[in-house]
Structures are given as C-alpha cells and as structure tokens.
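Chain identifiers are assigned alphabetically (A, B, ...) following the order of the sequence lines, protein sequences preceding nucleic acid strands; residue numbering begins at 1 within each chain.
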Amino acid sequence: MSKFYVTTPIYYINGLPSVGHAYSTIIADALARYHRMKGEEVRFLTGTDENSQKNVEAAERAGMKDDIQGYLDQMAARWQEAFDELGFTHDRFIRTTEADHAQAVEKFWKAVEKTGDIYLGEYVGLYCKGCEAFYGEADLVDGKCPLHKTVPEAIKEKNYFFRLTKYRDALLEHIGKHPDFVVPASRRNEIVSYIRDFMTDISISRASMKWGIPVPGDEKQRIYVWFDALINYLTGAGYGSDDAACAKWWPADLHIVGKDIIKFHCALWPAMLMSAGLPLPTRVLAHGFFTVNGEKMSKSLGNVIDPVQIARDYGNDVLRYFLMREIRLGEDGDFSLDRLAQRYDGELANELGNLAHRVLTMTEKYFDGTVPKRTDGFLAGAWDGYHLAMEELRVHDALEVVWKLVRESNQLIEERAPWKLAKLKEEKMLADTMYVLLETLRHISWMLVPIMPDTADRLLEKLGLAPAKEFSQAVEVAWRWGELAPGAKIEKGEPLFPRREGSQAAEARGNS
RNA sequence: CGCGGGGUAGAGCAGCCAGGCAGCUCGCCAGGCUCAUAACCUGGAGGUCGCGGGUUCAAAUCCCGCCCCCGCAACCA
C-alpha cells in the first residue's frame with residue numbers, strides 16, 4: 001500500500017492563526033484527505049516553531065519574560081484549539097520545544113558534523129543590545145534598530161557554519177532531474193537562480209541567543225532557528241526516536257510552504273539532507289499569498305482575517321471551498337468577503353445546493369422517495385480529470401471538474417423536464433433521468449470529500465447512505481457507476497446551503 | 001540593473017511554457033421553464049489582449065524596448 005506524508009510549515013506563535021496560516025493548512029488537509037480517500041496510508045504533520053527569537057520577544061510583550069515556555073504552552077494550546085475547530089485532520093501537531101525534536105536535531109547535527117560540513121567561522125553582524133539580536137542592513141530604519149531606535153554595534157562572533165555551497169551542483173542537478181521538486185515552475189526558476197548566483201554558506205548557530213536548542217558539544221551556542229525548524233519534518237516521521245516509523249514515512253511526499261520560504265525548503269533543506277545522507281522530499285509546493293480586498297494583509301493595516309470567524313459565519317467547508325476554488329494553487333490571489341459571498345450564493349446555494357434539493361424533491365414526488373431503477377451512465381472521464389488535477393496539485397481544477405458535473409446535471413433536468421415526463425407517463429425515461437441525477441450526486445459527494453468533507457457527508461446522507469459505511473468500502477467499488485442501490489430511501493431534509501438573509505457581507509476582521 | 005508576480009469585456013480571472021476562430025464567472029439585456037433555495041436553462045450586447053517595434057503565412061502567445069500596478073526586503077502564509 002502506498003503512503004503519503006505531507007507537511008505544512010511550522011508556525012511562529014507570536015500571534016494567533018490568520019487566514020494565511022489556515023490556507024497553508026487547508027491545502028495540506030485537503031490533500032491528506034484525498035490520499036486517505038484513495039485508501040493510502042497518510043501522515044499529515046503540522047505544528048509550531050517555538051525556538052525563535054520572535055517568540056521570545058512576543059513572550060516579553062505579553063509580560064511573560066520569565067516564563068517563555070509557559071507563554072509558548074499557552075499559545076500552542078490556542079493554535080491547537082483553532083486547528084481543531086477548523087476541522088484539520090493532522091496526525092501530529094509538533095512543537096519544536098518537544099523532547100523528541102531536540103533528540104532528532106542532535107542526531108541530525110552530529111550526522112552533518114561527521115560529514116565535515118560544519119565549521120567554525122566568524123559571523124559579522126549588526127548587533128542590537130536591547131534586542132540581543134543581529135540585524136541585517138535592510139532590517140534597520142535610518143541605520144537604527146526599529147525597536148530601540150539605537151545604532152547597532154558591528155560585532156563579530158564565532159559561530160558554526162554549514163557548508164551549503166558544497167551542494168550547489170548537486171542541488172542544481174537534482175532540480176534539473178526532478179522538475180516536480182519545486183512547483184510551480186515560476187518558483188523553480190527563482191530557486192535555480194538563487195542557488196546558482198546568490199547562495200552562500202550560512203551561519204547555523206548564535207552565541208548571543210539564550211533561547212533555542214543548544215549546539216551539541218558547545219552548550220554556549222544555540223542552533224539557528226531555521227536549521228532546527230526544518231528538522232521538524234524528520235522528527236515528525238520518527239527520526240531519532242522511532243527508526244521503523246522513519247523508514248516508513250521518510251522521505252516526505254510533499255512539503256507545503258509559502259512562497260516566502262522556498263529558499264529554506266528548496267536549497268538549505270535538501271542540502272542538509274544530502275549532508276546527513278538522507279533522501280530528499282519528493283515535492284515542495286510553494287503557494288502564493290493573497291491580498292485582502294486588493295490590499296496586502298498586515299497587522300499594521302488591521303485587515304488580518306480571522307479564519308475561525310469566517311468558519312463560524314459560513315462553516316468550515318465554505319472557507320475551504322472558497323480558498324481552494326478562488327485561488328489557483330501556487331498563484332497569488334485576493335481574499336474578499338464579497339467574493340466569498342458571491343461564490344456562496346452562486347455556486348454553493350444556487351448551483352450545487354439547489355441541484356441537490358430539486359433532484360431530491362422530484363425523487364419524492366415521482367418515486368415516493370426511493371431510488372428508481374438503475375440505468376447506464378459514464379463518469380470515468382470526470383474521475384480521470386479529477387484525479388489528474390489532484391495529483392498535479394491543481395485543486396482548483398479538480399473543483400472545476402465537479403462543478404462541470406453540477407452544471408451538466410442542471411442542464412439535463414432542463415433538457416429532460418422530468419415534470420413533463422411525469423405528466424406524459426414516460427416512466428422509463430423519467431426513471432432513467434432521475435437515476436442518473438441521483439447517482440451523479442453520489443459521485444459528486446465523493447469528489448467533495450477532500451475539500452468539503454462535511455458537505456460530502458450531508459449529501460451522502462440525503463441520498464440515503466451512511467457516510468461511515470460508504471467510506472469503509474473499497475473505492476474501486478464506491479467509484480463505479482451504478483452503486484446507488486435502487487429502492488433505497490432518500491432523505492431530502494433541509495437545503496445544503498441555505499440562502500443567506502440579506503447580504504450580510506459582515507466584517508470578519510480583527511483578532512490579530 | 002535586488003528578487004518575484006501582473007496589465008485580456010463594466011468587475012474578477014483563464015488562455016501565454018508547446019503561436020492557429022479571444023474564453024470563463026459575476027453583472028447587464030432578451031427569452032424559456034415551473035421540479036427547485038425568486039433558484040435553473042437558452043440566447044445576446046460588450047474587448048485597440050498596457051504601449052511601440054520585430055520574427056512569422058499567422059502573435060494575447062515568441063524576441064527587443066518602454067510605461068504602469070502589486071508583492072517580498074518592517075508585523076505577515
């Protein structure tokens with residue numbers, strides 16, 4: 001049986017999850033659900049990046065300077081609550097302050113050290129005493145620390161470097177041989193030019209930091225946060241704690257990342273793995289960013305969207321549907337509540353919801369609420385398109401396949417006009433038509449499982465099926481045409497997506 | 001010369017990599033239907049494809065130059 005190991009970035013918890021974090025995680029969740037649906041063994045990892053100076057600063061702001069771990073525990077718990085409420089199906093929520101991660105990092109560091117890729121060097125940086133941190137030229141405002149408004153000192157410190165440049169050719173060769181390693185292609189071009197023209201060795205420890213995982217054998221130094229963070233993907237597989245699990249899950253099949261961190265995931269990380277003698281992840285998907293109503297999303301503009309609020313207003317499925325449909329995976333997009341409301345009204349309520357409702361109503365009217373006699377149908381082409389889209393990470397296109405079925409169903413109703421067939425006593429044609437419609441709805445339910453899991457359940461129930469029982473059978477059977485059993489009782493119930501009273505394009509802002 | 005994305009109908013977008021009738025959704029106009037959540041279906045109007053040049057039988061698509069918008073570099077996926 002094939003396996004699928006998918007990860008999200010681990011998140012800084014100096015604030016609560018924004019819709020951007022939810023976006024990354026929804027992509028991973030949808031793909032995890034897709035592969036589970038196919039019957040594969042899936043491991044889905046997400047979590048928090050806790051060894052960062054940013055978290056320390058946030059703890060200080062929260063008045064918990066003396067209890068940083070306490071602050072992190074609190075925040076991590078709130079993130080987990082939010083992720084639970086959003087219905088994510090991760091197998092583990094990893095925190096980089098957990099013991100097995102420290103163990104994995106130590107093992108990894110030693111492996112890289114043994115290869116000879118770690119050397120002691122001199123790091124020259126602009127150091128702000130107030131922040132106890134180094135800044136780059138670009139971080140400064142008028143040459144001063146943005147927080148303390150003081151001119152940082154140029155100081156040197158001895159720390160450890162990773163011989164990243166040693167892997168320049170190997171990285172380029174790998175990307176050349178595996179065009180899917182970085183998707184979309186625009187990001188691949190970007191990363192190739194970075195590796196070829198800009199990549200340098202990087203410092204992977206800090207003598208000045210008090211927070212973070214100590215360097216093995218040199219307790220005075222702390223490991224640079226990125227070096228530690230990337231290793232979480234190995235920890236989550238069992239590296240350093242469970243060799244059998246690690247052998248099973250590693251390498252990861254897919255890392256999902258934002259476009260801002262591809263250098264770390266597509267250059268540093270694979271080089272680290274090569275150095276440690278471990279296989280590389282199969283694919284890295286860099287998704288785009290979105291603006292909010294055309295403006296960049298930022299705390300200072302106060303337009304950060306709270307995903308939990310949207311989910312409460314519209315339901316988890318609607319948020320998932322909107323993000324997966326509106327934005328082509330890999331591209332930038334725009335998040336707007338007007339657009340969300342538009343898609344809810346037009347596509348969910350009017351097209352899909354109303355289709356289900358009218359079909360079920362006619363089944364009640366003309367067949368006493370039971371599935372009529374089976375007839376031929378053909379949806380193999382739709383399934384092929386759907387699977388290809390999902391495999392190629394074009395989730396938006398997979399949804400387009402589903403909506404094509406929705407539209408074709410609505411057209412079929414218009415064409416056949418079951419109400420006329422009923423009057424004319426065209427029993428055979430009427431039964432055939434209704435069976436095709438009902439069975440197509442069953443297939444639509446299945447296709448929606450990864451993206452709109454609650455909706456898929458509800459639709460199956462309306463068709464008189466028990467979701468748990470449906471999902472326990474082999475998909476080769478479930479996805480066959482004609483599996484909807486004649487004579488079964490349907491359960492019309494309330495519309496899937498009720499019309500919203502007025503256009504309450506209410507504000508769901510705030511909660512930074 | 002920092003890196004990257006973009007400019008296509010009133011709005012939002014696809015098409016560009018592999019050149020071949022300019023397409024989708026919303027909105028607008030007209031018609032149809034009455035099973036349905038005032039939903040659904042059909043048709044129509046609406047576009048110098050940012051600008052200028054080049055290659056070609058043929059350019060939204062390839063090449064050169066220019067203009068404009070946006071993101072990253074500061075919280076932020």
Side-chain angles (χ1 to χ4, degrees), chain A residues 8-9 11-12 14-15 17-27 54 57-58 135-141 145-147 184-187 189-191 193-194 197-198 256-263 286-292 294-305 307 323 325-328 330-336 338-339 342-343 345-366 396-397 400 403 406-407 409-422 430 433-434 437 492 494-500 512:
Chain A
T8 71
Y11 306 110
Y12 287 141
N14 51 358
S18 77
V19 72
H21 302 104
Y23 180 56
S24 301
T25 318
I26 286 170
I27 296 167
K54 289 189 187 194
E57 286 157 19
Y135 283 103
E137 290 283 356
D139 300 327
L140 304 177
V141 179
C145 163
L147 243 68
S186 55
R187 298 297 157 211
N189 297 340
E190 190 179 339
I191 206 68
S193 97
Y194 163 72
D197 303 330
F198 297 100
I256 287 162
V257 304
K259 67 177 184 179
D260 56 332
I261 50 176
I262 53 172
K263 284 179 194 173
H287 69 242
F289 284 176
F290 38 83
T291 49
V292 174
E295 284 185 313
K296 70 178 291 188
M297 181 169 79
S298 77
K299 288 183 182 174
S300 47
L301 284 176
N303 62 353
V304 175
I305 301 275
L323 290 172
R325 183 87 201 257
E326 175 82 0
I327 302 158
R328 304 171 62 76
E331 313 269 313
D332 289 341
D334 185 53
F335 187 101
S336 121
D338 287 345
R339 298 277 300 159
Q342 246 178 51
R343 288 203 182 265
D345 293 344
E347 293 162 4
L348 295 177
N350 294 350
E351 289 188 316
L352 174 60
N354 182 52
L355 168 68
H357 204 244
R358 64 200 299 214
V359 168
L360 293 164
T361 300
M362 288 189 280
T363 307
E364 278 187 344
K365 254 184 200 167
Y366 308 135
H396 50 279
D397 285 336
E400 185 55 41
W403 253 258
V406 171
R407 294 198 178 109
S409 293
N410 275 322
Q411 285 161 2
L412 183 71
I413 294 175
E414 212 59 32
E415 217 174 274
R416 298 278 180 88
W419 50 93
K420 279 186 191 160
L421 297 174
L430 180 60
T433 302
M434 294 315 299
L437 291 168
K492 179 175 150 191
E494 293 303 304
L496 280 175
F497 300 100
R499 177 149 282 276
R500 299 170 310 124
S512 55

Closest approach to the side chain of [X], judged atom by atom: which nucleotide of [options] is it?
X         : options                : answer
Met362(A) : C41(B), C40(B), C35(B) : C35(B)
Glu347(A) : C35(B), U25(B), U37(B) : U25(B)
Arg499(A) : G71(B), C41(B), U37(B) : U37(B)
Asn350(A) : C75(B), C40(B), C35(B) : C40(B)
Glu414(A) : C40(B), U37(B), C76(B) : C40(B)
Asn14(A)  : C76(B), C35(B), A36(B) : C76(B)

Under 4.0 Å, counting only non-hydrogen atoms across every strand here, what does [X] touch: a base, just sugar-phosphate, or nothing?
X         : value
Gly20(A)  : base
Pro9(A)   : nothing
Tyr366(A) : sugar-phosphate
Phe497(A) : base
Pro498(A) : base
Leu360(A) : nothing
Arg328(A) : sugar-phosphate
Tyr23(A)  : nothing

Rounded to whole angstrom, note down the [atom1] distance from [N] over to [M].
N      : M      : atom1 : answer
C66(B) : C75(B) : C1'   : 36 Å
A59(B) : G20(B) : P     : 11 Å
C26(B) : C41(B) : P     : 9 Å
C33(B) : C40(B) : C1'   : 8 Å
G52(B) : C67(B) : C1'   : 10 Å
A22(B) : C29(B) : C1'   : 22 Å
G27(B) : C21(B) : P     : 29 Å
C13(B) : C70(B) : P     : 14 Å

Pair Tyr23(A)-Ile327(A), side-chain contact (heavy atoms from CB on, under 4.5 Å): steps then yes or no: CA-CA 10 Å; Tyr23(A) 180 56; Ile327(A) 302 158; 3.6 Å; yes
Decide yes or no for Phe497(A) and Leu352(A): does some side-chain heavy atom of the first lie under 4.5 Å from some side-chain heavy atom of the second?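 Side chain of Phe497(A) against side chain of Leu352(A), heavy atoms only: contact under 4.5 Å found.
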Quick check: do Val19(A) and Val304(A) have side-chain heavy atoms less than 4.5 Å from each other?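 No - every pair of side-chain heavy atoms lies 4.5 Å or more apart.
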What is the separation between atom [atom1] on [X] and atom [atom2] on [N], rounded to the nearest whole Å?
X         : N      : atom1 : atom2 : value
Asp338(A) : C13(B) : CG    : P     : 14 Å
Lys492(A) : C35(B) : NZ    : P     : 12 Å
Trp419(A) : C35(B) : CH2   : C1'   : 5 Å
Leu355(A) : C40(B) : CG    : P     : 11 Å
Leu496(A) : U37(B) : CG    : P     : 13 Å
Lys365(A) : U34(B) : NZ    : P     : 12 Å
Asp397(A) : C13(B) : CG    : P     : 17 Å
Leu348(A) : A39(B) : CG    : P     : 15 Å

Taking atom types as modelled, find out whether Thr25(A) and Tyr11(A) have a side-chain donor-acceptor pair closer than 3.5 angstrom.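 Side chains of Thr25(A) and Tyr11(A): pair found under 3.5 Å.
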Please confirm whether the backbone N or O of Asp345(A) pairs with a side-chain atom of Asn350(A), one donor and one acceptor, at under 3.5 Å?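 Yes, Asn350(A) side chain to Asp345(A) backbone: donor-acceptor pair under 3.5 Å.
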Strictly distance-based, threshold 3.5 Å: is any side-chain N or O of Asn14(A) a donor or acceptor partner for the main-chain N or O of Ala58(A)?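 Pair absent, no side-chain N/O of Asn14(A) close to backbone of Ala58(A).
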How long is the gap from [atom1] on [X] to [atom2] on [Y], to the nearest 0.5 Å?
X         : Y         : atom1 : atom2 : result
Glu414(A) : Leu412(A) : CD    : CG    : 10.0 Å
Lys259(A) : Ser186(A) : NZ    : OG    : 9.0 Å
Arg339(A) : Gln342(A) : CZ    : CD    : 5.5 Å
Tyr366(A) : Leu430(A) : OH    : CG    : 7.5 Å
Leu323(A) : Arg343(A) : CG    : CZ    : 11.0 Å
Glu494(A) : Lys492(A) : CD    : NZ    : 8.5 Å

Quick check on RNA chain B: between His357(A) and Phe289(A), whose nearest nucleotide comes earlier from the 5' end?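 Per heavy-atom nearest nucleotide, the more 5' residue is His357(A).
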Select from Ser18(A) and Glu351(A) the residue whose nearest nucleotide in RNA chain B is closer to the 5' end of that strand.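 Result of the comparison: Glu351(A).
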Would you tell me if any nitrogen or oxygen in the side chain of Lys420(A) comes within less than 4.0 Å of OP1 or OP2 on C35(B)?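 So the side chain of Lys420(A) is outside the cut-off, no N or O lying under 4.0 Å from OP1 or OP2 of C35(B).
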Is the phosphate of U25(B) approached by Gln342(A) (side-chain N or O, under 4.0 Å from OP1 or OP2)?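 No.
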If every non-hydrogen atom of His396(A) is compared with every non-hydrogen atom of Arg325(A), which pair is closest and at what distance?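 So the minimum-distance heavy-atom pair works out to CB-O, 4.2 Å.
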Treat a base pair as Watson-Crick or G-U wobble with both distances under 3.5 Å, then lay out RNA chain B in dot-bracket form, 5' to 3', with | for cross-strand pairs. .(((((((.[[[[.)....(..]]]].(((((.......))))).....[[[[[..)....]]]]])))))).....
Protein-nucleic acid N or O pairs under 3.5 Å, nucleotides 2-5 of chain B:
residue: G4(B); atom: O2'; partner: Arg187(A); partner atom: NH1; Å: 3.1

Is Arg407(A) paired with Glu400(A) through a side-chain N to carboxylate O contact shorter than 4.0 Å?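 So Glu400(A) pairs with Arg407(A) through a salt bridge.
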Salt-bridge test for Glu190(A) and Arg187(A): reply yes if a basic N is under 4.0 Å from a carboxylate O, no otherwise.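 The answer is yes: the pair qualifies as a salt bridge.
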Under 3.5 Å between N/O atoms: give me all the protein pairs with nucleotides 7-12 of chain B, atom names plus distance.
residue: G12(B); atom: O2'; partner: Arg339(A); partner atom: NH2; Å: 3.4

